[in-house]
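This chain uses plain numbering: 1 for the first residue, then up along the sequence.
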Amino acid sequence: MSITRRSVALAGATALLSGAAVVAAAPVASADLPDDVRTSPAWDAPMAFPFDGEHQMRFGALSVCSLSEDGSWGPRVSANAYDLDRIPGSFDFSASMFPFNSATVEWENLDSGLTGSQTVHTTGNEVGTAPEFTGRGEVLLSITVSRSALPTMAPGSVAPFLSDTHTERFLVPDNADCG
């Protein structure tokens, strides 16, 4: 069976119109959000890695449904950062020598005004926070990751050299599936 030019043109026009309909139906991000706020659940960004140039980091934020403190279902947000340039499960001396020192997540529910923050410490190629109850509504969330060649004890602190700190901000949509 041969394909004619008319069939190819018709198929191309259909695909183009279908794509335009999908774009037109897509939700539009709030116009009053700063340019550095991500509306996607993950964002890749370069971050300095001591003695090894830059590593590509995947920052992410998401909403999940789980039991709240009062026993009802409710939305919680969680955030993490993952080093895409380190091979998980392989022996990597730098995993203990050059750790993530900390990650701090700060969030604000734009509908209710609730706020919160959480700081965690870890070593290895990933750092993330436990899901935290935020209530119904859109949540503006920032995750700040600190990496340093020398371990530090204070949350969010890094050694004065051979270190880097990076922040990504996300708009986490209201989780309508939560009761």
- Note on the structure: So OG1 of T129 and CD of Q118: to nearest 0.5 Å the spacing works out to 4.5 Å
- Query: Do you know which two heavy atoms are closest between D44 and Q56, and how far apart they sit?
  - Reply: CB-NE2, 3.3 Å
- Item | Taking every non-hydrogen atom, the tightest pair across F133 and W107 | O-CZ2, 3.4 Å
- Item | Rounded distance [0.5 Å steps], CE in M47 versus OG in S146 | 6.5 Å
- Item | Close side-chain approach of T39 to F170, heavy-atom, < 4.5 Å | no
- Backbone of R136 reached by a side-chain donor or acceptor of N109 within 3.5 Å: yes
- Message: For residues I143 and L62: do they belong to one hydrophobic cluster (side chain heavy atoms under 4.5 Å, members Ile, Leu, Val, Met, Phe, Trp, Tyr)?
- Response: no
- State, with a plain yes or no, whether a side-chain heavy atom of Y82 is found less than 4.5 Å away from one of V127. no
- Message: Check for me, please, whether L114 and V105 land in the same ILVMFWY cluster - side-chain distances under 4.5 Å, paths through other members count.
- Response: yes
- Indicate the atoms forming the closest heavy-atom contact of V145 with A81, along with that distance. CG2-CB, 3.6 Å
- Task: For L171 and L110, run side chain to side chain contact (heavy atoms under 4.5 Å, CB included): C-alpha distance rounded to whole Å, both residues' side-chain angles, the deciding distance at 0.1 Å, then the answer.
- Result: CA-CA 10 Å; L171 179 65; L110 298 177; 3.8 Å; yes
- Is any side-chain N of the basic residue among R147 and D164 closer than 4.0 Å to the acidic one's carboxylate O? no
- Which heavy atom of A45 sits nearest a heavy atom of E168, and at what distance? CB-OE2, 3.6 Å
- Item | Nearest heavy atoms of P173 and S63, plus distance in Å | O-CB, 4.4 Å
- Query: Taking side chain as C-beta onward, heavy atoms only, is T134 less than 4.5 Å from R76?
  - Reply: no
- Determine whether L140 and V37 make a side-chain contact, defined as any pair of heavy atoms from C-beta on separated by less than 4.5 Å. yes
- Query: Out of curiosity, E106 CD to T119 OG1, how far, rounded to the nearest 0.5 Å?
  - Reply: 7.5 Å
- Task: Drop me the distance from N80's CG to E126's CD, to the nearest 0.5 angstrom.
- Result: 5.0 Å
- Check P131 against S78 and note the closest heavy-atom contact, atom names and distance. CA-CB, 4.1 Å
- Message: Does R58 have more than 12 heavy atoms from other residues, nucleotides or ligands lying within 6.0 Å of its CZ?
- Response: no
- Counting N and O atoms only, with roles assigned by atom type, does the side chain of E138 sit under 3.5 Å from a partner on the main chain of V172, one being a donor and the other an acceptor? no
- Message: Let me confirm one number: the CZ-CG distance from R38 to L141, rounded to the nearest 0.5 Å.
- Response: 13.0 Å
